[in-house]
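Structure first, commentary second.
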Amino acid sequence: MPRMLILDGNSLINRAFYALPPLTSNEGLPTNAVHGFLTMLFRLQKEQKPDYWVVAFDKTKATVRIEQFAGYKAHRKETPETLRPQFNYLKEILRVMAVPILELEGYEADDIIATVNDLAIAQQIEVLIFTGDRDALQLISPHSSVLLTMKGISEVECYNEQRLEERYLLKPAQIIDLKGLMGDVSDNIPGIPGVGEKTALKLLHEYGSVENVLQNKDEVKGNKLKELLNQYADQALLSKKLAAMIHDVPVAFSLDDLRWAEPDKDACKKILHGYSLYKVASLFEQSLAAVTGPEQIIEKGKKQKASGAEIIDTIQQEKNMDGEGWLELLNTWLEQKPVLALSYRFEGRNIHQGLWTEMGICDEHYTYSLNRYAAAPSVLRLWEEILADDGVRKVVADSKGVYSLLLNENKTFAGVDLDLSLAAYLLNPNRSNYSASELLGDYVTDLFSNTPAREAALLRKLAASYMEKLAEDDLEKLLHEVEEPLSLILARMEKTGIALDKAKLQEYGQELEVKIGRLESEIYNLAGENFNINSPQQLGRILFESLGLPPLKKTKTGYSTDAETLEELRTEHAVVEKLLEYRQLVKLNSTYVKGLLAQCCDGKIHTTFQQTVTATGRLSSTEPNLQNIPIRLEEGRRLRKVFQATQEDWLLLSADYSQIELRILAHYSKDPILCESFLVGEDVHRRTAAEVFGVALNEVNSDMRRKAKAVNFGLMYGLTDFGLARDLTISRKEAKYYISQYFERYNGVHRYLEEAVTEAKEKGEVRTLLNRLRKIPELSHPNRMTRQFGERIAKNTPIQGTAADIMKIAMIKVAEAIEGLQAEILLQVHDELVVQVEPSALPKVAAIVKKEMEQAFPISVPLLVDCKVGSNWYDMVPYQVDALLF
DNA sequence: GGAGTCACG
DNA sequence: ACGTACGTGACTCCG
């Protein structure tokens, strides 16, 4: 008898989404649900080898059922942002894989499944329905069974008539009666309030159907229940109706459309790899082999052995432990100080408010799982002692995360032996994800049993190969002496946070909103109509169509309306100026006032410093980003008034490197003029102006200096005449002239930049002073534009990256030197450190900070740090460090 | 989710 | 003839 597999697309993708950690493709697209769905699909295909198959999806803008009952599914939770796009990815992939999809406007997957099921049965086809939704049990028949996902998606349970009878003592047709009585919160089917599964089953066992229950309601035991049945009789009948699937969906397909068809293997592989779904791709090949012939299975088996399969076989077995066993084990660890691999899970909104829930731990013999809620207090205390013990070395992915969670409970963490996330980042800073599950992606063949214990065992395995790779690329020192120690400092900075004056911020927000409101009406007046100013598309139509302004620049999608374009149109129409001001204020209000208030709990802000994001080695800051708080324009700069020390009456000390990138360029290039500028401590931009314009230092005017500054600035980015011209609003020819003059005078810089590119092309990579690596595949790309981009990266990365290296070293030294003093580092903004300090400790702390930063990593020109002090991040005044304390 | 815009170093 | 300076993150609109 031929077999058909019907999958409930919506139900299964939802299951997969909530069951799996948030995986992403290399491009950062969320793919966990797609991954989970396809894994289930191919497993099932391999097992069942169906002759027909189909995936049904909801398409419910206006469901037929809405007409019946307005509340139906009205309260369903909105699809999460990271799930929504995955429907389209999945459908796209299914199409390439020649898996039939059925959906019809106005109907749910359920209804389509019921319809297809009927048709298949009529054609003597055996049906297996795969879903997470118990509703489907109503479709069970002698020829149809239902495969239900149980916990998560790892376990499934197969229901046929017999099993349904065993489990519920019900016939398939009674499933809708069951729902009619007990309702279903997720589908917003009301049922009878107060009647749950137990009562509903009891009633059905006795009376068989909702109708019959209602007919005999007077003899039902229990006054309360009788009353409920009386009161909600109609609602129960309606609920039963809602629970019944529609069997006659007018969806157009023939049985032949659903017949299994061999897909284009290469196209499938390509699209799966496009979404970074490597595991699924290999599963796909296996399942294909399973259906297309035995020869290929053997072929496949060989290949499998050669890849990750062996490693899986050799990882430590998981060992179950009782309380006694734990105590004994932990004491042994405390004594013998083994290396432990760790993996963790946590609960809570985010890492700053979270608690770890489970840890997977792997020593050289076994792997274990420790659950905080299952473990005895004495076991937890001992485990915390081990976490804090520097002698017990740990292999982890994301040590900052572990430390953050422990800090939430005022516990500590030490003994990081190897942070695999940081290691992977140093080996290749271009990846998008360095989570444990991602790093293990190469090894994990069975994602569903990816427990913390298993993860820990695999991390331990991974550590060995990473050590080798780190040694090969000469990155061990940078990892162990810079990144790993820094991660713990970052965790403490995040935990400390920075205080926010909420009231003042709200006040500022109201002030902004008044101004924004005024500007809004002025803009509508000047434009002659109302529109959404925040929509670049609508704004473009107003400016360049209604008002007839000249469109100077285009974007991919239409007119450009950015600040640069508007600036040029300023004199053309009065509305332009208002728009610029409007944009500025809206930005301040939505990103900073609203954004910061939303992140502010307990009067403090805790950012997250990302240590594995940038390709150059810089940190980044998220949720909220505290590295881009306005400063350039006064309007925005005022925001800085609300940032204060977390300790009452303490001061903020800001220490920033002066011209660090130019100094690094001087070091690299050994250019005599540039080096001299820094050695004698003159104004570099003024000197550059003198050289480029061929005048004496005292003849340099402010315009000349401004231009020279732009050149110096541009150098670090791989300057072009076009870019310089645009920045200075001068002709390209003029820009070109300045650049040639510059390189003539600063020929050391010129030579260095050329050599940097040549060497990068040879090696395909660049390095910073501390050996940080960045591969630049763009350098050998066929497209000229891309290649030139690679060249600019080759010029910029050693400079930006070295600055980042030096700052990281400085942070480690500063943190160590101020330990025990009344001071804490709060923020890092690339070339600036913000420290909070008790006023009387200021002279000493400022001297330490300045010294440690300036001497963090000596290069051939001096590094200079300027200090400023204030009670908030706005009112900062220069602070002269006492030379004697230095 | 992608595009556009704009905040920072 | 083409497109154009490096590195980030957040918010908004829109399909």
Side-chain angles (χ1 to χ4, degrees), chain A residues 24-25 27-30 81-89 429 532-540 553-566 579-580 583-596 598-599 607-610 613-633 635-637 639-640 656-657 659-661 710-711 713-727 732 735 739 774 783-786 788-801 803-804 807 827-832:
Chain A
T24 53
S25 71
E27 285 158 12
L29 306 178
E81 278 300 313
T82 44
L83 173 56
R84 206 175 309 153
Q86 297 193 53
F87 281 96
N88 287 332
Y89 307 158
N532 186 345
I533 311 172
N534 296 322
S535 161
Q537 200 194 329
Q538 293 183 35
L539 179 60
K553 208 166 58 164
K554 279 186 301 189
T555 67
K556 273 183 224 168
T557 51
Y559 306 112
S560 174
T561 67
D562 62 15
E564 194 190 328
T565 311
L566 294 184
L579 281 171
L580 282 163
R583 278 253 177 92
Q584 190 199 345
L585 301 187
V586 163
K587 174 86 178 178
L588 293 175
N589 193 38
S590 54
T591 301
Y592 297 102
V593 177
K594 294 268 175 60
L596 287 173
Q599 298 277 345
T607 184
T608 303
F609 287 106
Q610 307 288 346
V613 166
T614 72
T616 55
R618 276 187 175 185
L619 300 178
S620 85
S621 158
T622 59
E623 286 181 281
N625 182 352
L626 293 184
Q627 291 182 321
N628 71 347
I629 303 302
I631 190 167
R632 292 173 187 164
L633 301 171
E635 258 318 313
R637 190 177 195 150
L639 269 163
R640 293 187 168 227
D656 73 288
Y657 281 113
Q659 310 284 2
I660 188 168
E661 295 195 344
V711 173
F713 203 56
L715 278 175
M716 266 99 62
Y717 302 153
L719 157 110
T720 65
D721 53 3
F722 181 88
L724 186 64
R726 171 151 60 60
D727 246 41
R732 252 173 99 160
I739 294 171
R774 179 177 182 181
N783 181 324
R784 202 190 90 227
M785 278 282 298
T786 311
Q788 287 178 341
F789 177 57
E791 291 173 11
R792 294 194 295 269
I793 294 173
K795 292 174 186 166
N796 172 267
T797 297
I799 298 173
Q800 189 182 121
M807 177 53 115
L827 300 176
Q828 187 252 44
V829 192
H830 310 307
D831 63 1
E832 171 189 14

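These numbers come from a predicted model, not from an experiment. In what follows, chains are A, B, ... by sequence order, proteins preceding strands, each numbered from 1. Atom set for the values below is all heavy atoms of this structure, side chains included, hydrogens, waters and symmetry mates excluded.
Each of A/Asp721 and A/Arg774 lies near DNA chain C, and the nucleotide nearest A/Asp721 is the one positioned closer to the 5' end.
Checking B/dG9, B/dC8, B/dA3 against the side-chain heavy atoms of A/Asn628 singles out B/dC8 as nearest. Set against C/dT12, B/dT5, C/dC6, the side chain of A/Phe789 has C/dC6 as its closest nucleotide. Of the candidate nucleotides C/dA5, C/dG3, B/dA7, C/dA5 has the atom lying nearest to any side-chain atom of A/Arg726. Between C/dA5, C/dG9, B/dG9, one nucleotide has an atom nearer to the side chain of A/Thr720 than all others, and that is C/dA5. Relative to the side chain of A/Thr555, the nucleotides C/dG9, C/dA5, B/dT5 differ in distance, and B/dT5 lies closest. Nearest nucleotide to the side chain of A/Thr614, out of C/dA10, C/dT8, B/dT5: C/dT8. Comparing C/dG9, C/dC11, C/dC6 by their closest approach to the side chain of A/Gln800 singles out C/dC6. The nucleotide whose nearest atom lies closest to any side-chain atom of A/Arg784 is, among C/dG9, C/dC11, C/dG3, C/dG3.
Looking only at side-chain heavy atoms (C-beta outward), A/Leu827 and A/Phe609 come within less than 4.5 Å of each other. Two residues are said to be in side-chain contact when any heavy atoms from C-beta on lie closer than 4.5 Å; A/Arg726 and A/Arg732 fail this criterion.
Judged by distance alone, the side chain of A/Arg640 and the main-chain N or O of A/Ile629 form a donor-acceptor pair under 3.5 Å. Under the 3.5 Å distance criterion, the side-chain polar atoms of A/Ser621 are matched with a main-chain donor or acceptor of A/Leu626.
At most 12 heavy atoms of other shown residues, nucleotides or ligands fall within 6.0 angstrom of atom NZ in A/Lys554.
The base of C/dA5 is paired with the side chain of A/Asp727 by a donor and an acceptor separated by under 3.5 Å.
No donor-acceptor contact under 3.5 angstrom links the side chains of A/Glu623 and A/Thr608, judged on distance only.
A/Asn625 comes within 4.0 angstrom of the backbone, heavy atoms only, and of no base. In this structure, A/Leu588 reaches neither bases nor backbone, as no heavy-atom distance under 4.0 Å exists between it and the strands shown. The residue A/Phe87 sits apart from the nucleic acid: no heavy atom pair falls under 4.0 Å. A/Arg792 comes within 4.0 angstrom of the backbone, heavy atoms only, and of no base. Across all strands shown, A/Arg583 has heavy atoms under 4.0 Å from sugar-phosphate atoms exclusively, and none from any base.
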Output a table of nitrogen or oxygen pairs between the protein and nucleotides 13-15 of chain C separated by less than 3.5 Å.
residue: C/dC13; atom: OP1; partner: A/Asn532; partner atom: ND2; Å: 3.2
residue: C/dC13; atom: O3'; partner: A/Ser535; partner atom: OG; Å: 3.2
residue: C/dC14; atom: OP1; partner: A/Ser535; partner atom: OG; Å: 2.6
residue: C/dC14; atom: OP1; partner: A/Gln538; partner atom: NE2; Å: 3.4

Open item on the list: What does the 5'-to-3' dot-bracket notation of DNA chain C look like when only Watson-Crick and G-U wobble pairs under 3.5 Å count, and pairs to other strands show as |?
Closed with: .....|||||||||.

